[in-house]
There are 2 protein chains.
Amino acid sequence: MSLRHALLALLAARPMTGYDLAKQFDVSVAYVWHAPHSQIYPELRKLEASGLVSAEATPRGTLATKRTYSITSEGVAELERWVAELAPTPPERDAAHLKATYFEFGSFGNARRQFEAHLSHHRRQQLKWETHVAQLEKRDTDLLRRRLAIAPEAEHEAIVAYKVHVYRGLVERARVEVEWAREGLALVDRLEAAGKD
Amino acid sequence: MSLRHALLALLAARPMTGYDLAKQFDVSVAYVWHAPHSQIYPELRKLEASGLVSAEATPRGTLATKRTYSITSEGVAELERWVAELAPTPPERDAAHLKATYFEFGSFGNARRQFEAHLSHHRRQQLKWETHVAQLEKRDTDLLRRRLAIAPEAEHEAIVAYKVHVYRGLVERARVEVEWAREGLALVDRLEAAGKD
DNA sequence: ACAGCCATGTAAGTCGTTACATGATTGC
DNA sequence: GCAATCATGTAACGACTTACATGGCTGT
């Protein structure tokens with residue numbers, strides 16, 4: 001149920017085509033909620049059918065139509081309803097930790113490879129998010145500027161602050177994963193040394 | 001693809017029925033990989049069909065049959081293959097952080113409620129995992145004892161250490177979420193105070 | 001002419017959720 | 001007799017993945 005709200009939230013900043021939305025999912029929203037275009041296009045149709053967004057269709061070539069979607073007042077109301085709703089936390093599903101629980105079924109070398117992959121992935125994530133935090137703080141992303149342009153000035157601080165807080169949280173989370181992987185590597189070293197006696 | 005491997009890993013400790021497995025998913029594995037019984041029973045049939053587990057059927061009442069599943073040597077091989085495989089990291093999908101990005105669509109009171117729910121959820125998780133770590137360290141869970149009983153003594157330390165490392169990682173992760181929620185609450189206080197001028 | 005980006009879709013399949021459905025055994 | 005727990009399934013639906021498929025526009 002989050003995809004529709006992610007789309008509505010993006011459209012609250014400015015009208016966009018499905019393609020624009022798919023791109024935004026790659027450069028910012030995807031940091032918290034990933035979605036491929038094959039999921040986005042049908043969802044936009046559903047949102048349109050339920051009146052939460054409206055589409056302006058402009059012909060493109062002879063066959064295709066380009067649709068620019070805007071959020072409607074019902075859409076804004078739905079966004080507000082969603083933000084006010086206390087969502088149940090989803091069940092845990094963590095493939096990396098599941099696998100690490102059973103590293104004894106592989107070699108020390110394998111455990112190292114796995115921890116190293118974990119480390120480099122989350123290190124990259126951390127850098128990406130740190131960059132994003134810096135941009136948000138400078139109010140230097142297209143979407144944020146658009147969002148601020150249509151919001152009353154009194155709200156600007158909160159709008160920026162919430163987003164910065166979210167991405168700082170993700171930076172911290174990535175940092176913890178990196179730390180966990182490093183400690184994992186140290187653990188493997190200890191286990192291997194102990195086994196050599 | 002992780003459900004099958006979680007099942008295989010559990011069956012590597014001891015033979016179990018679908019019901020036993022479902023219970024294990026509630027008390028330990030579910031901490032990393034949740035699955036309802038409606039998913040477990042069909043998956044066991046598939047594992048049986050592909051020869052990774054074998055089932056011993058004992059009649060139960062007039063109609064039902066109770067099936068006790070054991071891992072086969074092919075199943076162990078598949079576990080080893082899975083542990084050695086470098087799995088791609090799944091795309092981000094974090095409803096709580098997504099929503100927090102857009103807290104400006106709700107009131108300060110709402111943002112507080114949301115952060116408080118986040119805080120208490122992850123606080124509970126943290127305690128649950130801390131308890132689990134303590135049990136693992138004392139080698140005081142049924143499953144772990146069974147696992148150690150059939151493993152060569154030289155491997156015991158690693159078997160315990162990997163599991164402890166995983167759950168400590170989850171404790172840390174929960175701690176970071178708790179911290180994030182607390183900082184969120186402080187942020188809301190600051191924003192509200194600033195807005196009152 | 002060709003590359004690269006703009007733009008939109010469908011289809012098959014897997015995974016997971018939620019609800020429905022049934023019956024046996026054990027201990028009080 | 002009743003409650004709790006043991007035990008096993010099915011079905012409908014929704015979310016997500018992966019692959020396939022098509023074609024337009026812009027600049028070099």
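As a basis for the values below, the full set of heavy atoms in this structure was taken, side chains included, without hydrogen atoms, waters or symmetry mates. Order of the sequence lines sets the chain letters (A, B, ...), proteins ahead of strands, with each chain counted from 1.
Residues B:T68 and B:P91 each lie close to DNA chain D; by heavy-atom proximity, the contact nearer the 5' end of the strand is made by B:T68.
In this structure, A:F108 has its ring center at least 6.0 angstrom away from the ring center of A:F103.
For B:H37 against D:dG9, a side-chain N or O and a base N or O form a donor-acceptor pair under 3.5 Å. Between the side chain of B:S38 and the base of C:dT18, a donor-acceptor pair under 3.5 Å is found.
For A:D20, the side-chain atoms get nearest to C:dA7 when compared with the rest of D:dG9, C:dA7, C:dT17. Relative to the side chain of A:Q39, the nucleotides C:dC15, D:dT17, C:dG16 differ in distance, and D:dT17 lies closest. Here D:dT17 is the nucleotide among D:dT8, C:dC15, D:dT17 with the atom lying nearest to any side-chain atom of A:H34.
Nucleic acid contact class of A:R4 (heavy atoms, under 4.0 Å, all strands): none.
Grouping the Ile, Leu, Val, Met, Phe, Trp and Tyr side chains by contacts below 4.5 angstrom, directly or via other members, places B:Y19 apart from B:V53.
With 3.5 Å as the limit, one finds no donor-acceptor pair spanning the side chains of A:N110 and A:S107.
Of the listed residues (A:Q126, A:H132, A:K128), just one forms a side chain to side chain donor-acceptor pair (under 3.5 Å) with A:E130, and that residue is A:Q126.
Side-chain nitrogen and oxygen atoms of A:Y19 include at least one within less than 4.0 Å of the OP1 or OP2 phosphate oxygen of C:dC6. Taking only side-chain nitrogens and oxygens, B:R67 comes nearer than 4.0 Å to OP1 or OP2 of D:dG9.
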